[in-house]
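Written below as structure tokens is the structure these notes are about.
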Amino acid sequence: MNNGEGETSYAKNSNIQRKIISATNSRLKEAILNIMCNNNNNKNVPESIGVADLGCSSGPNTLMVVSEIIDIIDETSRKSGISFPELRISLNDLPGNDFNDIFRSLPSFFHKVKEEKGAENCYVVGVPGSFYGRLFPQKSMHFVHSSSSLHWLSQVPLGLGTNNAIMSSLNKGKLYISHTSPSDVINAYVSQFQNDFSTFLRSRSPEIVPGGRMLLSLMGRSSIDPTIEDGCYYQWELLANALSNLVSKGLVEEEKIDSFNAPYYAPCPEEVKIAVENEGSFMIDRIETFEIEWDARVSSNSSEDKILLSRGQQVAKTIRAVVESMVENHFGNEIMDDLFSVYGDLVDDYIYKKKAVYVNLVVSLKRKE
């Protein structure tokens, strides 16, 4: 993600992610109530509740889920006639995340919680590290949340790295799975997702108390076939097309495109079920999908942008905030403005002709007793 608060920052271009979080609020409430009520037996409400948000990023969305959880716990506590429990909140992301921005926002956050809820026993910590590994002590978490993060793989699929010229040439001109991708490329992506998601589940298993819950939302697809136009698939196609446009202008080397493969995978519900069943520590309460338009009919936070930017350029700003650091590392920062300008134009053309939506998976899980 792009840190800071500039015009291309994630903080100013994360309305899509905010809308996704809002769309899953009913499932969030369901999970927290299951922890609080514990089969309507108030005597078993935990005195101290551990909550983790994995892939929290920074900016206006970071404390959104935490605020909603506090509201649910406060309302439930009041209705049940019990004290507000101690709340241990862990915010996790990679070490490069702007944790300082989060920490600067905490004093006003704590003040608001105290004023509105009267709660003083909320504790927030930052936990830098990959969620594809252990993060927390054993049985310390009651609820784990992750939104718009688990579609990012731990690495480029094995065999598709920049040093493998043979595999790079197989996915020539593409950044991700495409209808032209050979089976070796597709299998590498599928295998990497299964390995990563299984590792994620194995890592959370000892950390979550028996009966604890997880709510995961991530980009996905509705079809079993990963090569059809579904979900985020075509956004990678358009980004590859934009890079090819810069090749024709002499701004990018064609080999650079061939050697880039995104560490990303949008699974279908069946693939998630297979990973959960094979790992064995969790039960699936629900797996649901919903669609959201690429621009979500929500404009940039800039009032000037609302007037000047097309829908395609607004989408380009959102995508740039998410992938720029990764793309820049491979192609160089000199082409970023040109790249996302061309990309925005291509998105405009696509949106005019076709329905442009993300498919989001929402997975509700329970840690087996």
Side-chain angles (χ1 to χ4, degrees), residues 1 3-5 9-11 14 17-18 20-22 24-25 27-29 31-36 45-78 82-131 133-150 200 203-204 206-209 212-217 367:
M1 308 298 176
N3 289 330
E5 297 184 0
S9 68
Y10 181 79
S14 53
Q17 292 84 353
R18 187 175 189 86
I20 289 171
I21 291 172
S22 296
T24 61
N25 272 349
R27 296 296 169 241
L28 176 65
K29 185 172 184 177
I32 298 301
L33 288 179
N34 278 323
I35 294 166
M36 289 286 292
V45 173
E47 293 182 356
S48 180
I49 296 177
V51 170
D53 191 15
L54 309 185
C56 65
S57 193
S58 61
N61 297 347
T62 298
L63 296 174
M64 184 178 175
V65 172
V66 173
S67 296
E68 185 66 24
I69 290 172
I70 290 174
D71 287 347
I72 297 167
I73 291 176
D74 178 64
E75 180 184 1
T76 306
S77 298
R78 291 178 188 275
I82 60 176
S83 299
F84 190 98
E86 179 182 82
L87 196 55
R88 296 172 283 108
I89 301 162
S90 298
L91 302 176
N92 157 260
D93 213 313
L94 294 173
N97 186 51
D98 193 353
F99 282 100
N100 284 335
D101 179 71
I102 299 173
F103 297 150
R104 283 190 292 268
S105 70
L106 288 180
S108 60
F109 174 77
F110 286 137
H111 178 75
K112 182 179 179 182
V113 170
K114 183 178 178 181
E115 288 290 307
E116 295 182 358
K117 313 298 179 187
E120 298 185 67
N121 51 348
C122 294
Y123 306 94
V124 178
V125 298
V127 183
S130 171
F131 50 54
R134 286 291 302 275
L135 292 167
F136 312 112
Q138 288 192 26
K139 298 182 180 179
S140 60
M141 291 294 149
H142 294 80
F143 177 65
V144 171
H145 174 272
S146 181
S147 181
S148 299
S149 296
L150 277 163
F200 174 84
S203 299
R204 303 291 78 77
E207 299 170 349
I208 299 176
V209 300
R213 306 282 169 155
M214 279 205 295
L215 179 64
L216 313 174
S217 62
R367 176 69 170 89

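This structure is a prediction, so every number in the text was calculated from the model and none was measured. Keep in mind that the numbers below use all heavy atoms, side chains included, and drop hydrogens, waters and symmetry copies.
Between R204 and E207 there is a salt bridge, with a side-chain nitrogen of the basic residue lying less than 4.0 Å from a carboxylate oxygen of the acidic one.
Contact of the I49 side chain with the I69 side chain is not registered, since no non-hydrogen atoms from C-beta on lie closer than 4.5 Å. Considering only heavy atoms from C-beta on, E120 stays 4.5 Å or farther from F84 through its side chain. Taking the side chain as every heavy atom from C-beta outward, L33 and T76 approach each other to under 4.5 Å. The closest side-chain heavy-atom distance from K117 to I73 is not below 4.5 Å. Within the 4.5 Å cutoff, no side-chain heavy atoms of H145 are placed close to those of R27. Between D101 and T62, the closest side-chain pair of non-hydrogen atoms is not below 4.5 Å. Inter-residue side-chain proximity for V127 and F136 is flagged as met; some heavy-atom pair is nearer than 4.5 Å. No side-chain heavy atom of K29 sits less than 4.5 Å from a side-chain heavy atom of N25.
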**Item:** Residues L63, D53; criterion side chain to side chain contact (heavy atoms under 4.5 Å, CB included); working and verdict
**Value:** CA-CA 9 Å; L63 296 174; D53 191 15; over 6 Å; no
**Request:** Any chance you could lay out the side chain to side chain contact (heavy atoms under 4.5 Å, CB included) test for V124 and F103, step after step, and finish with the verdict?
**Result:** CA-CA 9 Å; V124 178; F103 297 150; 6.0 Å; no
**Request:** Carefully, step by step, assess I102 and C56 under the rule side chain to side chain contact (heavy atoms under 4.5 Å, CB included).
**Result:** CA-CA 10 Å; I102 299 173; C56 65; 4.0 Å; yes
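In this structure, CG in N92 is found 5.0 Å from CG in L135, a value given to the nearest 0.5 Å. With values rounded to the nearest 0.5 angstrom, H142 atom NE2 is found 10.5 Å from I208 atom CD1. The distance from the OG atom of S105 to the NZ atom of K112 is 11.5 Å, given to the nearest 0.5 Å. Residue I72 holds its CD1 atom at 10.0 Å from CE of M36, rounded to the nearest 0.5 Å.
The nearest pair of heavy atoms linking S22 to M64 is OG-CE, 3.1 Å. Taking all atoms of both residues into account, the shortest heavy-atom contact from I20 to S148 is CD1-OG, 3.8 Å. Heavy-atom minimum distance, L150 versus F131: CD2-CE1, 3.6 Å. Closest approach of D93 to G55, counting heavy atoms only: OD2-C, 3.4 Å. Considering every non-hydrogen atom in both S217 and T24, the closest pair reads CB-CG2, 4.3 Å. Across all their heavy atoms, V113 and C122 have their closest contact at CG1-SG, 4.2 Å.
N97 places no side-chain N or O within 3.5 Å of a backbone atom of P128 that could act as its donor or acceptor partner. Within the 3.5 Å criterion, the main-chain N or O of S146 finds no donor-acceptor partner in the side chain of S149.
Under the side-chain contact (heavy atoms from CB on, under 4.5 Å) rule, V51 has a single partner from V144, L87, I35, L91, which is L87.
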